[in-house]
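As structure tokens, the structure follows; a few thoughts come after it.
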Amino acid sequence: MNIPSQLIDKFNRQITYVRMSVTDRCDFRCVYCMGEKMTFLPRAQLLTLEELELVGCAFVELGVTKIRLTGGEPLVRKNVLQLFQGLGQLVGLKELVLTTNGSQLVKMAKPLFDAGVKRINISLDTLKPARFQKMTRVGQLENVLLGIDAAIKTGFERIKLNAVILKNRNHDEVTDLVQFAIDQGIDISFIEEMPLGGIDEHDRAEAFYSSDQIRHDLERSFTLIPSTETTTGPSKYYRVAHTDTRVGFISPHSHNFCETCNRVRVTTEGRLLLCLGQEHSVDLRRVIRAHPGDIAPLKQTIVKAMAIKPKGHDFQSDRESQILRYMNVTGG
Ligand code: SAM
Ligand code: SF4
């Protein structure tokens, strides 16, 4: 098989962005992401750091220019810095980015920056310590705020907060969260809860709080100017007038963005997911372990997988969790 230098699917979309989950483990247990008692994957089922790097390298050789490392909490994986350093050196990779809960940033911000990470997304759903502990079940707000501060001082090109908003849980804080982002000179995105993984802590349909509602709430305090910035994702951006802060709204329930979808995901176990909202996947781990260190069969498998990337997703907030994967395994 002749291996192409670009990944094009059958709807003529080019894949340039890969999100890789480096671990399913986490030091938090956010109520919308996990159950209280989680059984994590046995270590042998996870891709090793070397295997993850090989996957990243294969994608970059196939024209991918952006890799996001996520999890679980990527920064709790032992020696994960080694992976950032390896990926940071790949020629052709323009953006190496990270999504984190911020708990490890006090010590990790500087080494990540030195490894080549330019942008970070940090999750923050509330500014109230007791509420933070309730929503994460175990997290300490103070630690995350110190982590955000460390990241700002390190000088990343862009830092963005991610806030999942749940009705009657933290929807009353959207204005305070935007004000916090403005005060710190950083961006913020609001995320609608997605039906990934079975959870019993709350009813997802009842907790649904739409992006439109959030925007409406914010417009009482801020002037939001639609940004001309286009993203090929499910986000819409606005600039807050007279500030440097952008506010994004991520509405995965909207189908509009599937047409321009440029991304795929790789799970902790090395399953290539062609669409977040569908079960189509290909087992890359099997290929890697059958041909250790050989990148060619891996690239061929990825190229072939493009044929099964579906046209769009199938989320419905009222049909609880038809997708059984948890977000921490998928990589949010
Ligand atoms: N642990 C890191 C963190 O929390 O940022 C990275 C992984 S986490 C799965 C990535 C993002 O997904 C976080 O911003 C988190 O709030 C979000 N998330 C988790 N479960 C979700 C769900 N069911 N619906 C929408 N967003 C979710
Ligand atoms: Fe952990 Fe992130 Fe999931 Fe929260 S959202 S439990 S921090 S993986």
Side-chain angles (χ1 to χ4, degrees), residues 19-38 40-41 68-77 80 97-105 108 112 117 119-126 132-141 143-144 147-148 151 159-167 169-170 177 187-205 207-211 214 233-235 248-254 263 265-268 273 276-277 313 315-317 320-332:
R19 300 167 76 110
M20 290 167 53
S21 175
V22 306
T23 176
D24 61 329
R25 284 156 210 265
C26 188
D27 49 346
F28 292 179
R29 296 284 182 280
C30 302
V31 293
Y32 45 76
C33 178
M34 293 190 184
E36 187 162 16
K37 294 200 172 51
M38 291 291 287
F40 294 108
L41 296 164
R68 175 177 301 282
L69 297 186
T70 176
E73 175 45 44
L75 301 185
V76 301
R77 177 142 186 192
V80 75
V97 295
L98 160 73
T99 301
T100 174
N101 65 22
S103 69
Q104 312 296 313
L105 280 178
M108 297 282 273
L112 287 166
V117 175
R119 300 199 282 117
I120 301 196
N121 289 354
I122 307 171
S123 298
L124 182 70
D125 304 328
T126 170
F132 187 87
Q133 202 173 25
K134 240 180 154 181
M135 285 185 79
T136 60
R137 291 197 181 98
V138 285
Q140 297 293 328
L141 175 64
N143 201 16
V144 172
I148 294 172
I159 297 174
K160 182 163 73 90
L161 302 176
N162 276 342
V164 175
I165 300 301
L166 306 183
K167 185 148 94 194
R169 197 61 77 102
N170 62 343
L177 284 164
D187 296 333
I188 182 164
S189 280
F190 293 101
I191 309 178
E192 290 174 355
E193 185 179 21
M194 284 181 261
L196 286 171
I199 54 160
D200 49 19
E201 200 267 350
H202 59 273
D203 179 328
R204 293 203 201 262
F208 183 67
Y209 203 73
S210 73
S211 292
I214 298 170
S235 319
F249 297 94
I250 303 180
S251 315
H253 293 90
S254 140
R263 65 192 61 188
R265 290 176 160 78
V266 180
T267 71
T268 320
L273 299 178
L276 181 59
H313 68 59
F315 287 146
Q316 284 173 22
S317 56
E320 182 89 351
S321 191
Q322 66 275 49
I323 304 294
L324 294 175
R325 282 180 268 109
Y326 284 91
M327 193 71 161
N328 63 311
V329 175
T330 308

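Note that ligands are numbered from 1 as they come in the structure, with each ligand's atoms numbered from 1 the same way. Predicted, not measured: the structure shown is a model, and the values here were computed from it. What's counted below: heavy atoms across the whole structure, side chains too, no hydrogens, waters or symmetry copies.
Proximity of N162 to ligand 1, defined as any heavy-atom pair under 4.0 Å, is confined to the side chain (atoms from C-beta onward). Neither the backbone nor the side chain of M135 has a heavy atom within less than 4.0 Å of ligand 1. Residue contacts with ligand 2 for C30 involve both N, CA, C or O and side-chain atoms from C-beta outward (heavy atoms, distance under 4.0 Å). Here T100 has backbone heavy atoms under 4.0 Å from ligand 1, and that is the only part of it that gets that close.
Across D27, T136, I122, L75, a single residue satisfies side-chain contact (heavy atoms from CB on, under 4.5 Å) together with N101, and that is D27. For the side-chain contact (heavy atoms from CB on, under 4.5 Å) criterion with F132, the lone passing option out of N143, N170, T126 is T126.
Atoms of ligand 1 lying under 4.0 Å from any heavy atom of E192, numbered from 1 in the order shown and given with element: 25 (C). Numbered from 1 in the order shown, with element, the atoms of ligand 1 that lie under 4.0 Å from a heavy atom of C33 read 19 (C), 20 (N). Atom numbering of ligand 2 starts at 1 in the shown order; those under 4.0 Å from a heavy atom of F28 are 6 (S), 7 (S). Below 4.0 Å from some heavy atom of R204 lie the following atoms of ligand 1, by number and element: 23 (N). When each atom of ligand 1 is checked for a heavy atom of G71 under 4.0 Å away, the hits are 7 (C), 9 (C). Remark: ligand 1 atoms within the under-4.0 Å shell around heavy atoms of T70 are 6 (C), 7 (C). Within the listing of ligand 1, atoms 1 (N), 2 (C), 6 (C), 7 (C) sit less than 4.0 angstrom from a heavy atom of G72.
On a distance-only criterion, E193 and ligand 1 share no N/O pair closer than 3.5 Å. At under 3.5 Å, not a single nitrogen or oxygen of I191, backbone or side chain, sits near a nitrogen or oxygen of ligand 1. For ligand 1, the polar-atom distance check finds no N/O of D125 at less than 3.5 Å from any of the ligand's N/O atoms. Geometrically, ligand 1 and S123 share a nitrogen or oxygen pair separated by less than 3.5 Å.
Using a cut-off of 2.8 Å, one finds that C26 contributes an N/O/S atom close to atom 1 (Fe) of ligand 2.
When all heavy atoms are compared, the tightest approach of P74 to T99 is CG-O, 3.2 Å.
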Practice problem: Check the pair S210 / E192 against side-chain hydrogen bond (donor to acceptor under 3.5 Å, both in side chains), numbers first and verdict last. | Solution: CA-CA 6 Å; S210 73; E192 290 174 355; 5.1 Å; no
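At least one heavy atom of G72 sits closer than 4.0 Å to an atom of ligand 2.
Considering only non-hydrogen atoms, atom 26 (N) of ligand 1 lies nearest to V164 out of D27, D24, V164.
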